Amino acid sequence: MQAIILAAGMGKRLGEYTKNNTKCMVPVNGVPIIDRLLGQLSKLYLKRVVIVVGYEGEKLMEYLSTKDYPVPIEFLSNPIYDKTNNIYSLALAKDKLVEDDTLLIESDLVFEDGIFTLLLENPYPNLALVAKYETWMDGTMVRIDEDNNIVNFIPKAAFNYADVAQYYKTVNIYKFSQEFSKTKYVPFLEAYTKAVGNNEYYENVLRIITFLDSHELKALPITHEKWYEIDDKQDLDIAEALFSSPEELLKKYYSRYGGFWRFPQMLDFCYLVNPYFRRSKIIDEMEANFRTLLGEYPSGMKVNTLLASKCWGVSEAYILPGNGAAELIKGLMDNLDGKLGVVRPTFEEYPNRYDEHLVETFIPQNKDFRYGVDELMAHFGEHHVDTLLLINPDNPSGNFIKKDDVCRLASWCENNGTRLIVDESFVDFSDDWENSSLLSDSYLEQYPHMVVVKSISKSYGVPGLRLGILASADVSMIDQLKHQVSIWNINSFAEFFMQIFSKYEKDYHKACSMFIEVRKEFINKLHTIPYLHVMPTQANFVLCEVLPPFTANGLALSLLKNDNILVSACCAKKGIEPDRYVRFAIRSASDNQRLIRALLNLA
């Protein structure tokens, strides 16, 4: 058997990475793509590897001449690489193609070693490696029947989003028998290029062969094997995350701060959203209006303040909607003076926006990081602060203070000249959530120096909308913040969500009640994991101490590598011992069960 690698393309979409370099020499985590590929092929005991070069081909040949691979390498040159497509590059190798069984590979792929094993161990002589369609995929698609026969190749021009459930993407790795190449592929290749030209794709020839209904070419769907096609900078970035070393893997994922739809097989137990409200028909209505919302400007602050007032029952003068709570937190912290009091471990976005030298920290001295208002008043009574931050429920500890006690703390703050910030982004997950919020005019007016912040992303399960609210009876502060945000700080989708939310409020109540039941079941199952100490929680996450011999980073890495599950190892949380705690988001019952199975398998 031999391998033919197509490496003539210019890779323009990679920008500066291929300015003076062929695409297959671009490094992924420090290793050029071609080195990784040839290393994998060297384990297969091939007779030879034929590489078709073009753009910067001399550099590639010179580079590979310095390497000592156990398999002979031959080169073919495509001198008109800038005027042709890959059908011409393959046509240059047609004489080689008919001399042996062949692995045909495009040179911009990064994949696991087991991919070649799948092909070679499969008894069918002619195979196209395919993967179920996912949104990141581009290029040629196929349809296959129940026997994995390829019944059609779908070119880009014929792609239909209504049919994606039936689509498979060609991975651009093929196995052809010598007989297939000699009697089918090469004759059709010659006829096609003569009739249509060289500025085409070699898959078009395979498409014609499938029309003969001979079923000589089978599809081999991959399942959990990792692979990625690198066409542009984003592809390179994702490939580097997928194929990171164990030391870098978690760091690569954590540093993304979301966007995990690019990894559709991964279960995200790191970021915190309500899994049930998205089942409401509110999402259907938003989807039905997608094109209108995308093509229209959103309203300005006046209208969006009115909508926020309607949704959360707070006077327009007291409320400010933001582009996520993050925008509001930044604005709020930029306008504060004096010392800031925080409880740690906590959500670090607030203190990260402040001078660390002006931060006074209280750390609960108990195993579960529990605390109440008496401890807070005792500590900050002795260590006076100008502003006190309370995340309630707290993140990551899940500590929760009931509303009566929060009001007692608010009174204490008013009497001591301290502004109180209450972030209740997770309060709707608490057992008595309908009676736990401070978002009402009566509470805001009773405690005029209190500020209430709420992230709509978390409790409503819509982080992509980027919506949050800030409320206070301190109208001068609210007015100042309104003048500081941009005129269109809320996009049309977030505005429309507020516009229609009241129609679906009952769905939200059902979603919160359902979540509380699922959380109880999940926590009960977590208690069966022998190496975890599970802490109480009233939020949509649970903090666990990881007991020896396990470590937090080791556990998180094992879950990501073995089960494609991402959890937070709490690496950046101050006030806790490093590498000792993990935080699990609470998702749907089926997702939670998948995590439990993965944890039990490690026991």
Side-chain angles (χ1 to χ4, degrees), residues 1-11 14 16-79 81 86 89-90 92-121 127 129 171-178 181 225-231 235-236 239-240 242-249:
M1 176 166 277
Q2 64 181 348
I4 295 178
I5 301 173
L6 303 182
M10 299 178 69
L14 277 161
E16 66 270 21
Y17 293 100
T18 52
K19 185 177 181 180
N20 298 299
N21 203 19
T22 186
K23 181 158 60 167
C24 67
M25 288 181 65
V26 172
V28 176
N29 293 324
V31 179
I33 298 171
I34 192 65
D35 281 352
R36 182 185 181 96
L37 175 55
L38 289 173
Q40 291 168 317
L41 290 172
S42 296
K43 300 173 185 177
L44 304 182
Y45 307 106
L46 302 173
K47 291 182 181 178
R48 67 182 174 189
V49 174
V50 178
I51 305 178
V52 183
V53 301
Y55 174 69
E56 297 290 0
E58 291 292 334
K59 284 185 180 178
L60 177 59
M61 290 189 287
E62 181 181 352
Y63 173 75
L64 291 179
S65 69
T66 66
K67 303 290 181 177
D68 185 23
Y69 290 109
V71 58
I73 299 176
E74 301 177 15
F75 296 98
L76 295 171
S77 181
N78 177 355
Y81 59 83
N86 61 18
S89 291
L90 186 55
L92 291 172
K94 64 183 180 182
D95 292 340
K96 309 286 187 182
L97 199 57
V98 300
E99 292 177 2
D100 204 346
D101 297 340
T102 301
L103 290 173
L104 175 62
I105 311 150
E106 295 195 18
S107 65
D108 56 0
L109 299 170
V110 181
F111 48 87
E112 291 182 322
D113 293 350
I115 291 285
F116 284 137
T117 304
L118 284 177
L119 278 172
L120 296 179
E121 291 184 350
L127 288 168
L129 208 62
V171 177
N172 299 330
I173 301 176
Y174 298 86
K175 181 177 74 172
F176 295 155
S177 68
Q178 182 183 11
S181 296
E225 293 80 13
K226 289 191 296 186
W227 71 282
Y228 219 84
E229 182 179 10
I230 300 174
D231 284 326
D235 293 336
L236 180 60
E240 291 204 326
L242 282 171
F243 294 94
S244 294
S245 66
E247 297 77 19
E248 293 292 318
L249 188 59

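Keep in mind that this is a model prediction, so the values were computed, not measured. Heavy atoms only: backbone and side chains are in, while hydrogens, waters and symmetry mates are out.
- Between Phe111 and Leu37, the closest side-chain pair of non-hydrogen atoms falls below 4.5 Å.
- Gln178 places a side-chain N or O within 3.5 Å of a backbone atom of Val98 that can act as its donor or acceptor partner.
- The CG atom of Asn20 sits 4.5 Å away from the NZ atom of Lys59 when rounded to the nearest 0.5 Å.
- Using modelled atom types and a 3.5 Å distance limit, the side chains of Gln40 and Asp113 yield a donor-acceptor pair.
- Inter-residue side-chain proximity for Leu41 and Phe116 is flagged as met; some heavy-atom pair is nearer than 4.5 Å.
- Taking Asp235 as the reference, nothing meets the salt bridge (Lys or Arg N to Asp or Glu O under 4.0 Å) condition, with sequence neighbours excluded.
- In plain terms, the two heavy atoms of Leu14 and Val26 that are nearest each other are CD1-CG2, 4.4 Å.
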> Step by step, would you call Arg36 with Val28 a side-chain contact (heavy atoms from CB on, under 4.5 Å)?
Replying inline: CA-CA 9 Å; Arg36 182 185 181 96; Val28 176; over 6 Å; no
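- The side chain to side chain contact (heavy atoms under 4.5 Å, CB included) check on Asp35 picks up Val31, Pro32, Tyr63, Leu64, Lys67, Tyr69, with sequence neighbours excluded.
- When Val50, Leu6, Ile5 are each tested for a side-chain contact (heavy atoms from CB on, under 4.5 Å) with Leu104, only one passes: Leu6.
- For the atom pair Leu38 CG and Cys24 SG, the distance stands at 8.5 Å (nearest 0.5 Å).
- Lys96 has its side chain within reach of Glu74: a pair of non-hydrogen atoms, C-beta onward, lies under 4.5 Å apart.
- Under a 3.5 Å cut-off, the side chain of Thr102 and the backbone N or O of Gln2 do not form any donor-acceptor pair.
- How far CD of Glu56 is from OH of Tyr81: 7.0 Å, rounded to the nearest 0.5 Å.
- In this structure a side-chain-to-backbone donor-acceptor pair under 3.5 Å is present from Tyr55 to Thr18.
- Residues satisfying the salt bridge (Lys or Arg N to Asp or Glu O under 4.0 Å) criterion with Glu62, sequence neighbours excluded, are absent altogether.
- Between Leu109 and Ile115 the shortest side-chain heavy-atom distance does not fall below 4.5 Å.
- Heavy atoms only, all atoms of each residue included: Leu60 and Ala7 are closest at CD2-CB, 4.3 Å.
- Contact annotation: the side chain of Ile34 never approaches that of Thr22 to less than 4.5 Å [non-hydrogen atoms, C-beta and beyond].
- Separation of atoms CD (Glu106) and CG (Leu90) is listed at 9.5 Å; rounding is to 0.5 Å.
- The shortest non-hydrogen separation linking Ser77 to Leu92 is O-CD1, 3.5 Å.
- At least one side-chain heavy atom of Met1 sits less than 4.5 Å from a side-chain heavy atom of Lys175.
- For the 3.5 Å distance criterion, the side chains of Asn29 and Glu248 fail to qualify, holding no donor opposite an acceptor.
- Going from atom OH of Tyr174 over to atom CG of Leu129 covers 9.5 Å, rounded to the nearest 0.5 Å.
- By the 4.5 Å heavy-atom criterion applied to side chains, Ile33 and Val110 are counted as neighbours.
- Scanning for side chain to side chain donor-acceptor pair (under 3.5 Å) contacts around Ser89 gives Asn78, with sequence neighbours left out.
- Remark: Glu225 engages no residue in a salt bridge (Lys or Arg N to Asp or Glu O under 4.0 Å) (not counting sequence neighbours).
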>> Between Glu99 and Arg48, does the salt bridge (Lys or Arg N to Asp or Glu O under 4.0 Å) criterion hold? Intermediate values first, please.
In response: CA-CA 11 Å; Glu99 292 177 2; Arg48 67 182 174 189; 2.6 Å; yes
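- Contacts of Lys23 classified as salt bridge (Lys or Arg N to Asp or Glu O under 4.0 Å), with partners at least two apart in sequence or in another chain: Asp108, Asp231.
- Here the NZ atom belonging to Lys94 is positioned 12.0 Å from the CG atom belonging to Leu76, to the nearest 0.5 angstrom.
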